[in-house]
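One structure below.
Just so it is clear, the values below take in all heavy atoms, side chains as well, and ignore hydrogens, waters and symmetry mates. Index from 1, following the sequence.
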Amino acid sequence: MSIGQLAARAGVNASALRFYEKEGLIVSVRAPSGQRRFRRDALRRVAFIRAAQQVGLSLDEVRAALASLPDGRTPNAEDWARLSAAWRPQLQARIDALCALRDRLTSCIGCGCLSLSQCHLYNPQDQAAAHGAGARYLLGDRPLGSGDGR
């Protein structure tokens, strides 16, 4: 099928398909006229890529999953079950982190309180840097010396 046909069937822009192809996630062959032509199984691969992206997987993770398939074939139901089971703990950790972030945001952002001892954002002298990059206290880390071992 042509890139336009695949884009219409998959519900993505042709530019996304060209990007996926450049990244090695899908493959096309050139017709004598120079147009890209895709096999029908490219539709399933695009659906797989989009589903994996929607659950928050990076293109590197998608690429690794597709590379794990024998002979570069299209994922089938058994493959999806195996791959999605492997992603489950990672996705649950993301869900847990988002829930914790949500719960902290409702009691902190925009409330106007001046209770720095309880604020999840207060970070004097950038103490949170010891935990790593990002908004560490919002992600669940505790200030050093808070007594909870985190």
Side-chain angles (χ1 to χ4, degrees), residues 1-113 118-143 150:
M1 71 179 76
S2 72
I3 193 167
Q5 291 169 322
L6 180 57
R9 292 277 315 276
V12 300
N13 292 326
S15 60
L17 297 175
R18 286 189 287 275
F19 176 75
Y20 293 157
E21 184 179 19
K22 184 181 109 186
E23 292 294 314
L25 301 172
I26 61 174
V27 178
S28 72
V29 295
R30 296 289 180 157
S33 64
Q35 290 182 326
R36 286 178 171 91
R37 302 306 255 179
F38 294 90
R39 293 183 6 193
R40 288 197 151 326
D41 66 349
L43 185 58
R44 178 177 275 161
R45 284 181 79 91
V46 172
F48 176 87
I49 295 164
R50 303 278 294 158
Q53 285 181 309
Q54 286 207 299
V55 298
L57 298 178
S58 69
L59 282 182
D60 285 338
E61 291 167 315
V62 173
R63 186 180 297 103
L66 290 171
S68 75
L69 301 174
D71 302 320
R73 70 173 161 74
T74 299
N76 59 29
E78 184 178 299
D79 297 324
W80 180 255
R82 177 180 52 82
L83 292 168
S84 63
W87 296 331
R88 195 173 201 69
Q90 175 185 356
L91 295 175
Q92 188 60 53
R94 286 182 186 170
I95 290 166
D96 294 344
L98 285 171
C99 288
L101 178 61
R102 178 204 59 210
D103 294 345
R104 286 185 183 94
L105 286 175
T106 57
S107 65
C108 181
I109 300 298
C111 70
C113 83
Q118 295 180 10
C119 180
H120 292 290
L121 295 177
Y122 185 57
N123 182 20
Q125 289 82 46
D126 196 22
Q127 294 173 10
H131 296 292
R136 303 311 312 173
Y137 296 160
L138 284 175
L139 294 172
D141 291 328
R142 299 285 176 252
R150 284 180 137 181

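- Taking the side chain to side chain contact (heavy atoms under 4.5 Å, CB included) definition, one finds that Leu43 meets it with Leu6, Arg9, Ala10, sequence neighbours left out.
- Not a single salt bridge (Lys or Arg N to Asp or Glu O under 4.0 Å) links Arg88 to another residue, sequence neighbours left out.
- In this view, Trp80 and Phe48, Trp87 satisfy the ring pair (Phe, Tyr, Trp, His ring centres under 6.0 Å) rule, not counting sequence neighbours.
- Of all the heavy atoms in Phe38 and Val27, the pair that sits closest is CD2-O, 3.4 Å.
- The line from OG1 of Thr74 to CZ of Arg40 is 13.0 Å long, rounded to the nearest 0.5 Å.
- A donor-acceptor contact shorter than 3.5 Å is absent between the side chain of Arg44 and the backbone of Asn76.
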- prompt: Passes side-chain contact (heavy atoms from CB on, under 4.5 Å), Arg45 versus Leu25? Steps please.
  reply: CA-CA 8 Å; Arg45 284 181 79 91; Leu25 301 172; 5.5 Å; no
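- For the pair Leu17 and Ile3, the tightest heavy-atom approach, listed with the atom from each and the gap, is CD1-O, 3.6 Å.
- In terms of heavy-atom proximity, Glu61 sits nearest to Gly56 at OE1-O, 4.4 Å.
- Judged as a side-chain hydrogen bond (donor to acceptor under 3.5 Å, both in side chains), the pairs with a partner in residues 23-33 (not counting sequence neighbours) are, in order, Glu21-Ser28, Glu23-Arg63.
- Among residues at least two apart or in separate chains, there is no ring pair (Phe, Tyr, Trp, His ring centres under 6.0 Å) pair with a member in residues 54-77.
- Across all their heavy atoms, Asn13 and Ala7 have their closest contact at C-CB, 4.2 Å.
- At most 12 heavy atoms of other shown residues, nucleotides or ligands fall within 6.0 angstrom of atom CD in Glu78.
- Across Leu91 and Val55, no two heavy atoms sit closer than the pair CD2-O, 3.0 Å.
- Using a cutoff of 4.0 Å between basic side-chain nitrogens and carboxylate oxygens, Asp71 and Arg73 are not scored as salt-bridged.
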Intermediate values then yes/no, side-chain contact (heavy atoms from CB on, under 4.5 Å), Ser2 and Arg36: CA-CA 6 Å; Ser2 72; Arg36 286 178 171 91; over 6 Å; no
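- When all heavy atoms of Leu57 and Arg94 are compared, the closest pair comes out as N-NH1, 3.7 Å.
- Residue pairs meeting the ring pair (Phe, Tyr, Trp, His ring centres under 6.0 Å) criterion with at least one member in residues 2-29, sequence neighbours excluded, do not occur.
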task: Please test Gln53 against Leu59 for side-chain contact (heavy atoms from CB on, under 4.5 Å), starting from the C-alpha separation and ending with a verdict.
output: CA-CA 7 Å; Gln53 285 181 309; Leu59 282 182; 3.4 Å; yes
